[in-house]
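Excluded from the calculations below are hydrogen atoms, water molecules and symmetry mates; all remaining heavy atoms, backbone and side chain alike, are included. If you're wondering where the values come from, they're calculated on a predicted model, not measured in any experiment. Order of the sequence lines sets the chain letters (A, B, ...), proteins ahead of strands, with each chain counted from 1.
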Amino acid sequence: MRYLARRLGLFAVTLWAALTVNFIIPRVMPGNEASAVLGTFRGVNPAALHALEIQFGVHTHQNILSSYFEYLGNCLTGQFGVTAQGVPVMSEITSKLPWTLGLVGITTVIAFLIGTLAGVASAWWRGGRLDAVLPPTLFIVSTIPMFFVGLLLIYIFAVKLNWLPLGSNYSIGTTPSFSFSFVWDVIKHAILPGLSLVVVTAGLWVYSMRNNMITTISEDYVKTGRAKGLANRRVMFDYAGRNAILPNLTGFAMQLGYVLGGAIVIEYLFSYPGLGYLFYTATTDHDLPLMQGLFLFYTLAVLVCVLIADLLTAVLDPRTREA
Amino acid sequence: MTTGIVDIAAGEEAGGLEVQGAPRRLIRAVLGNRKAAVGALILLVIAFVAAFPGLIAPDDPHAAIYASDASPSSSHLLGTTQLGQDVLSQLIWSTRLTLIVTLIVSLIATFLSMIVGVTAAYVGGVTDRVLTVLTDVFLILPVLPLLILLAAYLPPGVTSLIIVLCITSWAFQARQLRSQGLSVRNRDFLVAARVRGERPLYIILVEIVPTMTSLLAASFLSLAVYVVGFAASLQFLGLGNSGDLMWGTMLYNAQSASALEAGNAWWALAPGAAVALLGTGFALLNYAFDEIGNPALRPVKRRRALRRQRGRASA
């Protein structure tokens, strides 16, 4: 339990740090970016504008500490300010969230499975042909910037072959429904951005999984499993794999920030209207409240995943429960 | 082939007494490892292009004097931009600033992570706890959103790019260097230094850091992989100065002009490929470095593995 308590502590500290970063940035950065941007906000109701002024330290005559606590209070009660158009940041985010959740969620799980299985297999048949080819290839591919993979896929499959759409989430003119043709349309639009994400992220986990697995395989209890005459698959997954995956689970959650960042670039490249595209439009519009709200939201998403990974680790590894 | 690697290990064991032979051994180790050799070759070629763009580039990168949006031809191997500039010349001239930014950021970030990691490990106590929490926080904060947020407040340009990349990239290496620092913390030579009454800063810089040379080199290489990609991503999203001659800004300009659909796809694909190639060069060297430093990860010789399999089958 102490393990989980410590992880919860880190959760709270990181969240507090993200909020503080948000509060400090507008105050320490040179120039008067925030006041210039807020000056362009029209039609925002006075109470919301006041909250923004506190957040960004513009025109406030109260001392910085009371502003800070008022800002923290606003965030903790779910008030993340309004965008340049006067729409609450939170409702802007939740309206775009399903597209990103679908695209990034599904592709990340696929990529993690591919990477982990490839790591297990290449460690199991260490020194074989699979081991010589698979991990280095996936690893090298994972260092290729996502936008380049995306550009290539667009060029080949959308521009040259014209098999799949160039971008967006569904064809213009179709109305969202649960019909087969609409769902197929959505899938067709998600293939290229999804593939770009899978290709690049699968390699993130293969190398560490392989190395964990190699260390685990030489443990005595794995030899015992073999000596007992257990089926290969049983030893591979239940004995070695289960333990080798533990560090990778935390790695999975940690890499999520990287994947979400990559998804910003991919969504921009494919004009896919999720959170990443919203982030991009917020930067081009200099919509600082929206950008800061999105930054907080991304941090929260990563933190929740880290926490889930910690819970899973506690389930899979009894040692963490006792410690 | 393996002798070079063994020599390096032996050299380190001897405390690097034979300084003169070290570079030669390094070169032999790099040439002996195929991944390292390919990586080094890629980086050498890119460094040459960055050093002498005027010798190679067929044209002035800014001269907007040709037909716009032309596809590749014998006079313009990679076509022209929307403004009628030669894409190949832009690509070649952009190499320099891209490489310089990558190297500067990787150096500064390696230094930052060294200071944070080693200080945490050596000083210990409250300092260690504070620095460790700081490192963990920076590890969890999503990098690209933080980069975008910081960049949005700064004037677009190379200096801002370097600053925001340095702020966001040191954490992972700091953690690794901390654990390495912990492992040497109670070794005899440090105890001796403490007994001699050396100051902590002296001990950190003169006694501890030299034992980490290979880890620092590996940190530098993996940071470089990361910086190449993030710098380009940030510029691709429009957070750079589109006037700077860099691969990322070329990508941004090409994407804003819908180059892929307009028929001069190489305007976007070439700088993308260049970024990927530079990243791959650093990654290959880094991968090989891991293998040189950690023999357990080295590929097992195929024949031995086969023999073992046969032995198992017959048993």
Quiz item: In terms of heavy-atom pairs under 4.5 Å, which option from B/L150, B/V225, B/T280 contacts chain A the most?
Solution: B/L150

Quiz item: Using a cut-off of under 4.5 Å for heavy-atom pairs, which of A/L269, A/T283, A/T215 has the most such pairs with chain B?
Solution: A/L269

Between [atom1] of [X] and [atom2] of [Y], what distance do you get to the nearest 0.5 Å?
X      : Y      : atom1 : atom2 : value
B/L237 : A/F147 : CG    : CZ    : 9.5 Å
B/I140 : A/T14  : CD1   : OG1   : 4.0 Å
A/R7   : B/D136 : CZ    : CG    : 7.0 Å
B/L149 : A/N22  : CG    : CG    : 6.0 Å
B/L146 : A/I25  : CG    : CD1   : 6.0 Å
A/M146 : B/F236 : CE    : CZ    : 12.5 Å

Using non-hydrogen atoms and a 4.5 Å limit, figure out which bit of [X] sits close to chain B: side chain, backbone, both or neither.
X      : value
A/L15  : neither
A/Y298 : both
A/L10  : side chain

Self-check item: Residue B/A151 versus chain A: region with a heavy atom under 4.5 Å
Solution: neither

Practice problem: Select one option (side chain, backbone, both, neither) describing which atoms of B/F230 are under 4.5 Å from chain A's heavy atoms. | Solution: side chain

Self-check item: Partner of A/P145 under side-chain contact (heavy atoms from CB on, under 4.5 Å), chosen from B/L251, B/V228, B/V275
Solution: B/V275

Quiz item: Which of these passes side-chain contact (heavy atoms from CB on, under 4.5 Å) with B/P142: A/L256, A/T299, A/I264, A/V259?
Solution: A/T299

Check [X] against [Y] and note the closest heavy-atom contact, atom names and distance.
X      : Y      : answer
B/A273 : A/F148 : N-CE1, 3.2 Å
A/H286 : B/A152 : CE1-O, 3.8 Å
B/P145 : A/F279 : CB-CE1, 3.5 Å
A/G261 : B/L144 : O-CD2, 3.0 Å

Quiz item: Do A/F295 and B/L141 come close enough that some side-chain heavy atom pair is under 4.5 Å?
Solution: yes

Quiz item: Is A/F23 atom CZ crowded by more than 12 heavy atoms from other residues, nucleotides or ligands, each under 6.0 Å away?
Solution: yes

